[in-house]
K.L.:
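Sharing a structure below in structure tokens format, with a few things to ask.
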Amino acid sequence: MASVAFIGLGHMGAPMAANLVKAGLTVRVFDLVPQAMRSLTDLGALSSSSACDAVAGVDVVITMLPAGEHVRALYLGDDENKGLIEVVAEGTLLIDCSTIDATSAQLVAKVATEKGLECVDAPVSGGTAGAEAGTLTFICGGTNSAFEQAKEVLGHMGANIFHAGAAGAGQIAKICNNMLLSVLMLGTSESLQMGIAHGLDPNVLSEIMKVSSGGNWALEKYNPCPNVMPMAPSSNDYQGGFMVDLMVKDLGLSQEAALRSNSSTPMGSLARSLYVNHAKQGHGSRDFSSIFEQFTNFQQIKNKG
Ligand code: NAD
């Protein structure tokens, strides 16, 4: 059984690492926030005093961090710390599951390759529910041999594991997906709100649209209207789930990628503007489906006031 260092135990990383522990792997964990390690050590994971401590002697390093700057600093080092690439043992497989810019993923892969290390960018789709259930989709970039090695450990945390192409390809595929997700969430929100403004029951409207041509993932799995789906973040005051700030980050990445490739992405561009405004109004740490509130009927607001 492989031994794994898991670094970054937030909304996604903690349940992912928990699934590795439950699968019987030896898991060493580290997060900058020490409390984040507690739920994992209760399950049997080994806590570490630093990222360098966590990776000592393991077969696989997995990271689940907020953004590109965190990933670059951790793997390549900064003014204060050595990079993990410098300290891991020969033959260690590096897997970064964070959603970051493809350029950073390619840079980490290049430096790792120069040191003789295999490296995979493996961003995920499926949200916190998928992380808990072990049904995530992993979207990988890297060499065939790195991908084949990564598949084994990723299989304990996910149901679908794709090889999108060379280093960075996983990140490009991931932001294509998240740009589409934002557009689906916005369209679903405005459609539901228009129905509600006309007196429709959002439960009934959702059932109709789910099996009609408007059916989509947001309606089926993540309804943005409170009290339609008891387990969705919308029914829990938009707590947990996928933060607006992270969606803003991903939409920024998608627009950078669009510029680099001269792609026309008007829907993605509009989605980014709408999510940036939502974040500016103080919703950054709420779930991204809270964008639903931006489409509340004007008359309803006046009536409430
Ligand atoms: P999060 O902010 O909840 O967790 C990030 C964790 O990383 C935090 O606990 C933080 O303390 C830790 N961290 C940051 N820098 C660190 C370092 N140098 N060393 C150790 N720990 C460090 O974020 P999240 O929701 O878990 O998302 C993580 C990544 O997964 C992001 O890139 C996000 O875009 C992506 N993602 C999130 C979701 C979701 O639904 N939340 C879904 C798909 C992808």
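If you read the sequence from its start, that first residue is 1, and numbering goes on from there. Both counts, for ligands and for their atoms, begin at 1 and track the order of listing.
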K.L.:
Any chance you could lay out the side-chain hydrogen bond (donor to acceptor under 3.5 Å, both in side chains) test for Ser263 and Ser261, step after step, and finish with the verdict?
P.N.:
CA-CA 5 Å; Ser263 302; Ser261 55; 2.7 Å; yes

K.L.:
Could you tell me whether some N/O pair between Met12 and ligand 1 is separated by less than 3.5 angstrom?
P.N.:
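Checking ligand 1 against Met12, an N or O pair does fall under 3.5 Å apart.
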
K.L.:
Stepwise, does the side-chain hydrogen bond (donor to acceptor under 3.5 Å, both in side chains) test hold for Asn216 with Thr188?
P.N.:
CA-CA 8 Å; Asn216 69 79; Thr188 300; 3.1 Å; yes

K.L.:
Just to be sure I read this right, does ligand 1 sit under 4.0 Å from the backbone of Gln35, its side chain, both, or neither, counting only heavy atoms?
P.N.:
neither

K.L.:
To which protein heavy atom is atom 30 (O) of ligand 1 closest, and what is the distance rounded to 0.1 Å?
P.N.:
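The protein heavy atom lying closest is Met64 CE, 3.1 Å.
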
K.L.:
For Asn227 versus Ser235, what's the shortest heavy-atom pair and its separation?
P.N.:
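Smallest interatomic distance, heavy atoms only, reads N-OG, 3.0 Å.
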
K.L.:
Would you mind checking which non-hydrogen protein atom is closest to atom 29 (C) of ligand 1, with the distance to 0.1 Å?
P.N.:
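So the nearest neighbour among protein heavy atoms is Leu65 O, 3.3 Å.
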
K.L.:
Got the closest protein heavy atom to atom 35 (C) of ligand 1, with its distance?
P.N.:
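The closest one turns out to be Thr99 OG1, 3.6 Å.
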
K.L.:
Enumerate the atoms of ligand 1 whose separation from the nearest heavy atom of Ile7 is less than 4.0 angstrom.
P.N.:
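Contacts of ligand 1 toward Ile7, numbered from 1: 19 (N), 20 (C).
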
K.L.:
Applying a 4.0 Å heavy-atom criterion (strictly less than), which segment of Pro66 is in contact with ligand 1: side chain, backbone, both, or neither?
P.N.:
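It is both backbone and side chain that touch ligand 1.
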
K.L.:
Ligand 1 and Lys249, any nitrogen or oxygen pair closer than 3.5 angstrom?
P.N.:
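Yes.
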
K.L.:
Which one holds for Leu246 and ligand 1: side chain close, backbone close, both close, or neither close, with close meaning a heavy atom under 4.0 Å?
P.N.:
side chain

K.L.:
Is the shortest distance from a Lys or Arg side-chain nitrogen in Glu148 or Lys151 to a carboxylate oxygen in the other one below 4.0 Å?
P.N.:
yes

K.L.:
What atoms of ligand 1 come within less than 4.0 Å of a heavy atom belonging to Gly127?
P.N.:
40 (O)

K.L.:
How close do Met37 and Ser47 get, counting heavy atoms only, and between which atoms?
P.N.:
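Heavy atoms of Met37 and Ser47 come nearest at SD-CB, 3.9 Å.
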
K.L.:
Nearest heavy-atom pair of Phe138 and Ala122: which atoms, and what distance?
P.N.:
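Scanning both residues, the minimum pair turns out to be CD2-O, 3.6 Å.
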
K.L.:
Output yes when the distance from some N or O of ligand 1 to some N or O of His11 is under 3.5 Å, and no in every other case.
P.N.:
yes

K.L.:
Nearest heavy-atom pair of Ala73 and Asp78: which atoms, and what distance?
P.N.:
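Distance-wise, the nearest heavy atoms are CB-OD2, 3.9 Å.
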
K.L.:
Who's the nearest protein heavy-atom neighbour of atom 40 (O) of ligand 1, and how far?
P.N.:
Phe242 CB, 3.4 Å

K.L.:
Classify the angle between the aromatic ring planes of Phe288 and Tyr222 as parallel (below 30°), tilted (30 to 60°) or perpendicular (above 60°).
P.N.:
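Phe288 vs Tyr222 ring planes: tilted.
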
K.L.:
Taking both backbone and side-chain atoms of Val124, is any N or O found less than 3.5 Å from an N or O belonging to ligand 1?
P.N.:
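So ligand 1 has no N or O lying under 3.5 Å from an N or O of Val124.
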
K.L.:
Return the closest protein heavy atom for atom 4 (O) of ligand 1 as residue, atom name and distance.
P.N.:
Gly10 CA, 3.2 Å

K.L.:
List the steps, then state whether side-chain contact (heavy atoms from CB on, under 4.5 Å) holds for Leu274 with Gln294.
P.N.:
CA-CA 9 Å; Leu274 292 167; Gln294 294 288 347; over 6 Å; no

K.L.:
Kindly identify the option in Asp31, Leu9, Val33 whose heavy atom sits closest to atom 8 (C) of ligand 1.
P.N.:
Asp31

K.L.:
Closest heavy-atom contact between Met16 and Ala131?
P.N.:
CG-CB, 4.0 Å

K.L.:
Please state whether Gly241 comes within less than 4.0 angstrom of ligand 1, counting heavy atoms only.
P.N.:
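Yes.
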
K.L.:
Looking at every heavy atom in both Ala109 and Cys119, which two are closest together, and how far apart are they?
P.N.:
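For Ala109 versus Cys119, the nearest heavy atoms are CA-SG, 4.0 Å.
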
K.L.:
Give the residue, atom name and distance (to 0.1 Å) of the protein heavy atom nearest atom 19 (N) of ligand 1.
P.N.:
Leu32 CG, 3.6 Å

K.L.:
Near Phe30, which atoms of ligand 1 are under 4.0 Å from a heavy atom of that residue?
P.N.:
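Close to Phe30: 19 (N), 20 (C).
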
